[in-house]
Amino acid sequence: MTARRGPTRHSFKLPGVSLSLREPILNWYAEKARDLPWRRPDATSWGILVSEIMLQQTPVARVLPAWEAWLRRWPTPADLAAEPPGEAVRQWGRLGYPRRALNLHACARRIVAEHGGEVPSRYEELRALPGVGDYTAAAVASFAFGGRHVVLDTNVRRVLARAVQGVRYPARATTAAERRIAESLLPAVDAPRWAVAVMELGALVCTARSPRCADCPIIDRCAWRLAGCPDHDGPPRRGQAYAGTDRQCRGRLLAVLRQAHGPVPKAALDAAWDDPVQRERALDGLVADGLAEVLEDGTYRLPG
DNA sequence: CACCCGTGGTA
DNA sequence: TTACCAAGGGT
C-alpha cells in the first residue's frame, strides 16, 4: 500500500495536501500575529468571553475600543451582574446585534449565581450560557483555559475549504465533512495556538474577497490554489438586505432609547420611523426580546 | 434548516 | 453605488 503519512488518517480529495499544514501556519502566526488585547497573557477569562461575544459578526477594528471600555467599566462578571440589563445595552453602543449585550449581562448573572463569579472552564458549561454557541464555547474553553477543541469559525472554515477541500468558499452551514477535517488537524498539544493561528490566517491572508495568496505560508500545498483557484460554483451567496427592514427600524428605535437616560415618550419613537405598521411591529419585537420596556404611563426605556 | 437579528467598512 | 462581509446564535 502507498504509505501516506501525515497528521490525518482521513483521505481528502487531494490526499497529501493536508500533509503538513500546521507547521507553516504556526510559524507564520509566530511572526505575523496581531497584538490583540484579549490575546495578551494578562487577559482574564471574562475579558476573553466578552471579546468572543463582541466579535460575533463584528470586525476586530470596531470591537477594540468597545472591549476596552466595557472591561474598564465592568472588570469582572460580578461588576456587570450588579447592573440592570439596560446598562449593558447602553454600553454596547452601536456594535450591532444588541441582544448580545443582553446575553453578556445574562451570562454575568448566571456566572455569579451558578459558578461562584468565575467564568466556567469546561465546554459544556460554557455552551449552556446564553448567547454562547458551539464556536464561542470552543473558543473560550481553548483561549481562556487551554482546552483542546475544534474551533470552527468563518475564518477557519474558509481556510479549510480552500487549503483542504479545494473550493473558494465553504458551504452555507457547517458540514460533517468540515468537522472531520478540522478534527483531523487538531494537534494533541497546544491546540489553542493552532486554533488561533488558523483563524488569524483566515483573517489576514486567506480573506473572503481577495485573498493575499502571495503572503500565504501554505500556497504551495493549498488545494484550491493547486486546482487553479476555481470560482465558487453553486447558488450565489445571499446578501443581507438592510435598508427599510425591520432590523433597521429596530436599530433606529433602540438608538433613541440608548441615547436617552430616562423613559422616552412614545412620540419620540414615532419620530424615528415613518411607517407606523413596521414601527409598531419593531417596537413590539424589541419589548418581546427584552431590549425595551413599556412603563405604565406608556413611556419606553431600556430594560431596568 | 432558512431566516432573523445591527452596523459600518470596503471593493 | 450596491453588494458583500465581519471570531455567530437562536428558533
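Lettering of chains follows the sequences in order, A, B, ..., and the numbering in each one begins at 1. All heavy atoms count here, side chains included; hydrogens, waters and symmetry mates do not.
Straight-line distance from the CG atom of A:L95 to the C1' atom of C:dA7: 13 Å, rounded to whole Å.
Sorted by first and then second residue, the side-chain hydrogen bond (donor to acceptor under 3.5 Å, both in side chains) pairs involving residues 249-261 of chain A (not counting sequence neighbours) are A:R250-A:D289. For residues 132-143 of chain A, the salt bridge (charged side-chain N to carboxylate O under 4.0 Å, His left out) pairs, not counting sequence neighbours, are A:D134-A:R179.
When heavy atoms are screened at a 4.0 angstrom cut-off, A:R94 is found touching the sugar-phosphate backbone but no base atom. Contacts of A:R258 with the nucleic acid, taken as non-hydrogen atoms under 4.0 Å apart, involve only primed sugar atoms and P, OP1 or OP2. At a threshold of 4.0 angstrom between heavy atoms, the contacts of A:W38 include nucleobase atoms, whether or not backbone atoms are also involved. Counting any heavy atom pair closer than 4.0 Å across all strands shown, A:D289 reaches no nucleic acid atom. At a threshold of 4.0 angstrom between heavy atoms, the contacts of A:G133 are confined to the sugar-phosphate backbone, with no base atom among them. Heavy atoms of A:T136 sit under 4.0 angstrom from primed sugar atoms or phosphate atoms, though from no base atom. A:L102 comes within contact range of no nucleotide atom at all, as no heavy-atom separation falls under 4.0 Å.
Residues from residues 188-202 of chain A with heavy atoms under 4.0 angstrom of DNA chain C, sorted by number: A:M199. A heavy atom closer than 4.0 Å to some atom of DNA chain C occurs in A:D153, A:T154, A:N155, A:R158, these being the qualifying members of residues 140-159 of chain A. For residues 45-56 of chain A, proximity to DNA chain C is found at A:E52, A:L55, A:Q56, defined as any non-hydrogen atom under 4.0 angstrom from a strand atom.
Listed by chain and residue number, A:V150, A:L152, A:L160 satisfy the side-chain contact (heavy atoms from CB on, under 4.5 Å) test with A:A182 (two or more places apart in sequence, or in another chain). Residues satisfying the side-chain contact (heavy atoms from CB on, under 4.5 Å) criterion with A:V189, sequence neighbours excluded, are absent altogether. A:D297 meets the side chain to side chain donor-acceptor pair (under 3.5 Å) test with A:T299; sequence neighbours excluded. Judged as a side chain to side chain donor-acceptor pair (under 3.5 Å), and not counting sequence neighbours, the contacts of A:R158 are A:N155. Under the side chain to side chain donor-acceptor pair (under 3.5 Å) criterion, A:R34 pairs with A:E200, not counting sequence neighbours. Evaluation of the ring pair (Phe, Tyr, Trp, His ring centres under 6.0 Å) rule for A:W46 yields no partner, not counting sequence neighbours.
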Under the side-chain contact (heavy atoms from CB on, under 4.5 Å) rule, what do A:W38 and A:L64 come out as? Steps first, then yes or no, please. CA-CA 9 Å; A:W38 45 85; A:L64 279 169; 3.7 Å; yes

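Hydrophobic clustering (side-chain heavy atoms under 4.5 Å, transitive across Ile, Leu, Val, Met, Phe, Trp, Tyr) keeps A:V89 apart from A:L49.
Close approach of DNA chain B to chain A, defined as any atom under 4.0 Å from a non-hydrogen atom of the protein, starts and stops at B:dC5 to B:dA11.
Where A:V132 and A:T207 meet DNA chain C, the nucleotide closest to each residue was compared, and A:T207 sits on the side nearer the 5' end.
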